[in-house]
Number of protein chains: 2
Amino acid sequence: MKRSRPLKRKTKRPEPKRPEPEAVDLRSIDDDPVVQGILTAISQKRLKPGAKLGEDKLAAAFGTTRIHIRQALAHLASRKVVMQIPNRGAFVYRPSWEEAQDVFAARRIIETATVAAAIDRLDKTGKAALKAHMELEAKHDRNDRWASLSLTAEFHILVAKLAGNKVLLDMSRELMLRTSLAIATFEQPGEPDCSPDAHPDIGALILARDKTGAIHAMRHHIEEMEQRIRPSEGEDEVDELTAIFQEIGARARAGG
Amino acid sequence: MKRSRPLKRKTKRPEPKRPEPEAVDLRSIDDDPVVQGILTAISQKRLKPGAKLGEDKLAAAFGTTRIHIRQALAHLASRKVVMQIPNRGAFVYRPSWEEAQDVFAARRIIETATVAAAIDRLDKTGKAALKAHMELEAKHDRNDRWASLSLTAEFHILVAKLAGNKVLLDMSRELMLRTSLAIATFEQPGEPDCSPDAHPDIGALILARDKTGAIHAMRHHIEEMEQRIRPSEGEDEVDELTAIFQEIGARARAGG
DNA sequence: GCGCCAAAAATTGGCGCCAATTTATTGATT
DNA sequence: AATCAATAAATTGGCGCCAATTTTTGGCGC
């Protein structure tokens, strides 16, 4: 750095030789197992808002090095899933009450539009996927709270996928996560995130191509979730990161 | 790391001593000057899609160290403003044609909802801010293409601010940037991003609290932008990072 | 017993170094 | 002369070390 070269103006660019990375090797940080693990733990509410994510502990838990953990945490901080405080570390993001309400308002806007687009684009493949998911949700073991939470989120993601807009899909993913954090922060404990029969209703309306009905049902469903939280503040500590992530890893390998 | 301690179970947590980071020191990576500089350069189209962002060059340009640059690039990659390819480096993101269309579709949804919310919440302060911006846009030097592009984006950001939803505001910011990238990638060169009189029209409708009209004008405005791009592929190279960022830094310090 | 102050431990932040990969240059071959 | 292969240069990726800050621990006085 700071070489004392005499400002060698680069040659007249003899041939660009295709320095453009057209469509290569697009693997994203989202596929990183550390990122995935933390996201899974949060959406399943094993990691609660405010929980500290120590770099050394995470590195040990995931069996990797600290620099890798830091990259993952930085990414999660960019997505407002993790809050990083200088010299203090990373914590699971805890939204303010206003922010929690903003998340639900954004979901009302985006998911009503999404469900409409999904109906417009609905084809054979989409119908099959939707039916498959609805069966999964109907038959799943309701005692497995973690599986329930995953399925619940995946329904909304599936609708976003059916809409066929990658940008909206990413936004929906982000909003699902932030909803998890909002609910985990402000919920009255014990209640599920989604009322159990809202998803079958919405799914049926989509399959029937009843756009007005589906939009209305989706808005009602989101409002129902929103009304379940209250502006209080719950405090809780979580540790034993190792155990949590080892179990998640085992599930992932087993195909959960 | 890997100390051979006998699994000392932590004591029964005598007092949590408030390990929760309630509301401290929330400065975000978004305030980072490197991030700001790159974002400004992109939204002003000084950095074109596909341009390489070399770590050493950026470090020299910003007068900082490489590790700092890497953090900034990682953050920008999380926000899909920069594309990072393993072992090859970071490039200004170049959206696909489908992705560009998705961005405009998302903007139609979000910004029509945003302008409606802005009208609902419009108060004295908001009116003043809107009028002030409209004057700025009317009087500004149209020959200063970089200032024009900044003002153009700021109008949409202002509307999002008036809506009073931080989540939607962040999404609008992201969509503005991705719009810049989409237009820069697929535009016919020479035309401005926004037609010049669309913003005054929309602003007037907001001030008149004409919700239906404002929504319609906003949708039309976005569709107009969308119809200005075509699925081609322009190739172009940009270098001289140092000059670009030094000039941006000088402007920022001078209050631009 | 409670709170304040100082020392020790733990954690994060950052820099330098070096290996791995890619990119550019040079030289040989058809 | 153009193509391809081998070498050299440049760039990114990652690990270890150490400084800076925070958190905990221990001790003292009120």
Side-chain angles (χ1 to χ4, degrees), chain A residues 1-5 8-22 24-29 32-34 50-77 82-91 237 239 241, chain B residues 1-5 8-22 24-29 32-34 50-77 82-91 237 239 241:
Chain A
M1 313 75 180
K2 213 61 165 299
R3 288 161 301 180
S4 57
R5 61 171 183 179
K8 182 187 60 172
R9 197 138 190 87
K10 76 169 12 177
T11 61
K12 281 299 170 4
R13 193 188 308 152
E15 296 166 63
K17 223 79 168 285
R18 186 79 62 99
E20 302 281 333
E22 283 308 334
V24 291
D25 200 358
L26 244 303
R27 113 193 64 159
S28 161
I29 180 97
D32 182 286
V34 177
K52 167 135 198 204
L53 300 171
E55 296 181 358
D56 281 332
K57 288 180 184 174
L58 287 172
F62 282 102
T64 181
T65 55
R66 200 157 71 90
I67 195 163
H68 198 186
I69 297 294
R70 292 183 69 159
Q71 290 172 0
L73 289 176
H75 173 65
L76 293 170
V82 153
M83 188 169 86
Q84 277 184 313
I85 303 177
N87 290 317
R88 290 190 55 189
F91 304 83
E237 285 295 305
D239 213 308
L241 293 179
Chain B
M1 311 78 177
K2 212 64 166 296
R3 288 161 302 179
S4 58
R5 61 171 184 179
K8 181 188 61 171
R9 196 140 191 88
K10 74 167 18 172
T11 61
K12 281 299 171 7
R13 195 188 307 152
E15 295 167 61
K17 221 78 166 290
R18 185 79 61 99
E20 302 281 334
E22 282 307 334
V24 290
D25 199 357
L26 243 301
R27 109 193 69 157
S28 161
I29 180 98
D32 182 286
V34 177
K52 169 136 197 204
L53 300 170
E55 296 181 357
D56 281 332
K57 288 179 184 173
L58 286 172
F62 283 102
T64 179
T65 55
R66 200 157 71 91
I67 196 164
H68 197 186
I69 298 292
R70 294 183 67 162
Q71 291 173 1
L73 289 176
H75 173 65
L76 293 170
V82 153
M83 189 168 86
Q84 277 182 315
I85 302 177
N87 290 316
R88 291 192 52 190
F91 304 82
E237 284 295 305
D239 214 307
L241 292 180

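By convention in this document, chain letters (A, B, ...) are assigned in the order of the sequence lines, proteins followed by strands, and residues within each chain are numbered from 1.
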Winner on side-chain proximity to A:Asp56, out of D:dC15, D:dT12, C:dT11, is C:dT11

Could you let me know what D:dC30 is paired to, Watson-Crick or G-U wobble, both distances under 3.5 Å, or none if it's on its own? C:dG1

Check the phosphate of C:dC15 against B:Thr65, side-chain N and O only, distance under 4.0 Å to OP1 or OP2. Yes or no? yes

What distance separates A:Thr64 OG1 from A:Asp32 CG, expressed to the nearest 0.5 Å? 8.0 Å

Interatomic distance where CZ belongs to B:Arg88 and P belongs to D:dA9 [whole Å]: 22 Å

Please determine whether side-chain contact (heavy atoms from CB on, under 4.5 Å) holds for the pair B:Leu58 and B:Leu73, giving the CA-CA distance in whole Å, both sets of side-chain angles, and the decisive distance to 0.1 Å. CA-CA 10 Å; B:Leu58 286 172; B:Leu73 289 176; 4.1 Å; yes

A:Asn87 has an atom CG; how far is it from atom P of C:dG13, in whole Å? 6 Å

Given C:dT12, D:dC15, C:dG14, identify the nucleotide with an atom nearest to the side chain of A:Ile67. D:dC15

Heavy atoms only: give me the nearest A:Ala72-A:Val34 pair and the separation to one decimal. CB-CG1, 3.6 Å

Expressed as a whole number of angstroms, how long is the span from A:Glu55:CD to D:dT22:C1'? 14 Å

Using only side-chain N and O atoms of A:Arg70, determine if any of them is under 4.0 Å from OP1 or OP2 of C:dG13. yes

What is the distance, to the nearest angstrom, from the CD atom on B:Gln84 to the P atom on D:dG13? 7 Å

Rounding to a whole Å, what distance do you find between A:Ile69:CD1 and D:dG14:C1'? 14 Å

How many whole angstroms separate atom CD1 of B:Ile29 from atom P of C:dG13? 11 Å

Can you find a donor-acceptor pair, distance only, under 3.5 Å between A:Arg66 side chain and C:dG13 base? yes

Quickly work out the B:Met83 CE to D:dT12 P distance and round it to whole Å. 14 Å

Roughly how many Å is it from CZ in A:Phe91 to P in C:dT12, rounded to a whole number? 9 Å

For A:Gln84 versus A:Ala90, what's the shortest heavy-atom pair and its separation? CG-CB, 3.9 Å

Side chains of A:Arg70 and A:Arg66: closer than 4.5 Å at any heavy-atom pair? yes

